[in-house]
Amino acid sequence: MDYGAHLPVVDFGNQKFSLERLSAYVQAARELGFKAVSTNDHLISARPWLDAPTALAAVLSQSGNMTVGTSVLLPIVRGLVPMAKALAALDILSNGRLIVGVGPGSSARDYEIVGMDYAERWKRFDEAIQVLRALWSGGGVCFTGRFYSTAGIDLEPKPIQRPSLPIWIGSWGSDAGLRRVARLGDGWLASAYNTTPNQFRSGLDKLQNQLKNHGKDPANFPNALVTMFMYITEDRSKAERVVFETIAGLLKRPVDELRQRLLVGSPQACAEKLTAYKAAGVQRVFVWPTADEQDQLMIFQTKVAPLVV
């Protein structure tokens, strides 16, 4: 198991957005040995949210050889052709280091403000993945469905990675979601605040069975655990404030669940959670510091990661 870092695109009220801040964060992550940097997506949220593709593009020059990605991006609300165009550019500018993590999203408000029907998200999402592959592939590949068609569209330039950018699908682990990952995806992105090690293991077993049904090799199908919000501290009162005042306000999840699932607390407690996920089969964990970002990345790599067995 290795580690990636989420870009700090959410305003938790402790630091202003700036290019210098994002660049310094990515540089620190690279120097500390994180293998990937990724960004999450909302158009509108409980907290101000920096535009995800723009933020990722801004830090490419600081990312070295790290994998860069989205975890997840919302293709339906962003529009498939504009998003495909932007992601092709990101792949070119990163010299072929992009992984595209996508999902339908869990916010009805994101759909409402762009005039889309939230109830149609799953049917549209299934088509969206096929549309993206067709737009990136070229060579006469065309998709026509109920909602979308790529007929007559030839986006140039194409991404470096051929025949298509790798698409990892976000799923909280439902049976239907895992079937979709197996059928349409090149990898699985699980959500840290919506699962446990036992639930992840159960989902992975189901996914591997589904992959075999679709002629895919489970041993070569990657996964990652994303949105692992983090604040490492020996100060229990500070840890509780982070859970109550920062994370719960953003995620609207029960505090007890968040306390148990996320990396908030002592290095030893955080390492124990990661050890359980490693045993469950997680291949990469994307951490997301909620404050003191660069310091938290350093604490993680020096005090937490060495304790994971």
Side-chain angles (χ1 to χ4, degrees), residues 3-32 34-80 82-103 105-107 109-110 113-114 132 159 165-168 170 189 191-192 224 226-230 246-247 250-251 284-297:
Y3 305 104
H6 278 281
L7 279 180
V9 293
V10 174
D11 178 8
F12 289 113
N14 47 50
Q15 199 170 352
K16 292 182 178 180
F17 293 125
S18 71
L19 178 58
E20 291 75 17
R21 173 187 166 198
L22 290 181
S23 297
Y25 177 86
V26 173
Q27 181 178 348
R30 185 188 74 233
E31 292 174 349
L32 287 166
F34 286 88
K35 300 301 183 182
V37 61
S38 191
T39 187
N40 209 346
D41 193 24
H42 272 299
L43 297 186
I44 196 167
S45 179
R47 303 293 305 175
W49 201 294
L50 198 64
D51 183 68
T54 304
L56 189 61
V59 298
L60 288 180
S61 63
Q62 301 295 328
S63 60
N65 292 321
M66 300 167 73
T67 297
V68 296
T70 60
S71 54
V72 299
L73 207 61
L74 308 177
I76 302 169
V77 300
R78 284 190 171 272
L80 300 186
M83 197 185 92
K85 183 81 171 178
L87 291 174
L90 283 169
D91 192 57
I92 292 168
L93 297 176
S94 67
N95 196 28
R97 290 183 285 124
L98 182 68
I99 289 175
V100 178
V102 292
S106 57
S107 169
R109 183 65 174 146
D110 279 337
I113 63 176
V114 297
L132 292 173
L165 292 175
I167 298 177
W168 293 29
L189 296 175
S191 168
V226 299
T227 55
M228 180 59 87
F229 290 95
M230 176 180 80
T246 302
I247 301 176
L250 174 69
L251 300 180
R284 174 170 290 165
V285 178
F286 282 89
V287 299
W288 192 332
T290 61
D292 306 324
E293 297 150 358
Q294 293 182 54
D295 288 343
Q296 283 289 305
L297 292 181

Identify the two heavy atoms, one from [X] and one from [Y], that lie closest to each other, and give their separation to 0.1 Å.
X	Y	value
P159	L165	CB-CD2, 3.6 Å
G170	V72	CA-CG1, 4.1 Å
L60	S63	O-OG, 2.7 Å
W168	L189	CE3-CD2, 3.5 Å
L73	A52	CD1-CB, 4.2 Å
V77	D110	CG1-O, 3.8 Å

Between [atom1] of [X] and [atom2] of [Y], what distance do you get to the nearest 0.5 Å?
X	Y	atom1	atom2	result
H6	Y25	NE2	OH	8.5 Å
M66	S94	CE	OG	12.5 Å
D41	L74	CG	CG	4.0 Å
T70	L90	OG1	CG	9.0 Å
R21	E293	CZ	CD	4.0 Å
L22	L19	CG	CG	6.5 Å

For the residue pair F229 and W288, does the interplanar ring angle fall in the parallel (under 30°), tilted (30 to 60°) or perpendicular (over 60°) class?
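Parallel.
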Quiz item: Taking only residues at least two apart or on different chains, which pairs with a member in residues 43-54 satisfy side chain to side chain donor-acceptor pair (under 3.5 Å)?
Solution: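 For residues 43-54, and leaving out neighbouring residues, the side chain to side chain donor-acceptor pair (under 3.5 Å) pairs sorted by first residue read D51-T54, D51-R78.
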Open item on the list: Using side-chain heavy atoms (C-beta onward) and a distance below 4.5 Å, is V287 in contact with Q296?
Closed with: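 No - every pair of side-chain heavy atoms lies 4.5 Å or more apart.
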Between L43 and I113, is any pair of side-chain heavy atoms under 4.5 Å apart?
->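 Side-chain contact under 4.5 Å: yes.
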message = Taking salt bridge (charged side-chain N to carboxylate O under 4.0 Å, His left out) as the definition, give me every residue that meets it alongside R284, ordered by chain and number, with sequence neighbours left out.
response =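 Applying salt bridge (charged side-chain N to carboxylate O under 4.0 Å, His left out) to R284 gives D2.
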Checking Q62 against V37 for the side chain to side chain contact (heavy atoms under 4.5 Å, CB included) test, could you report, in this order, the C-alpha distance in whole Å, the side-chain angles of both residues, the deciding distance, and whether it holds? CA-CA 10 Å; Q62 301 295 328; V37 61; over 6 Å; no
- Query: Do L98 and L93 pass the side chain to side chain contact (heavy atoms under 4.5 Å, CB included) test, and can you show the C-alpha distance, the side-chain angles, and the key distance before you say yes or no?
  - Reply: CA-CA 9 Å; L98 182 68; L93 297 176; over 6 Å; no
Q) Judged by atom type as modelled, is there a donor-acceptor pair below 3.5 Å linking the side chain of R97 to the main-chain atoms of A36? A)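 No, the answer is negative, given that no donor and acceptor are paired below the 3.5 Å cut-off.
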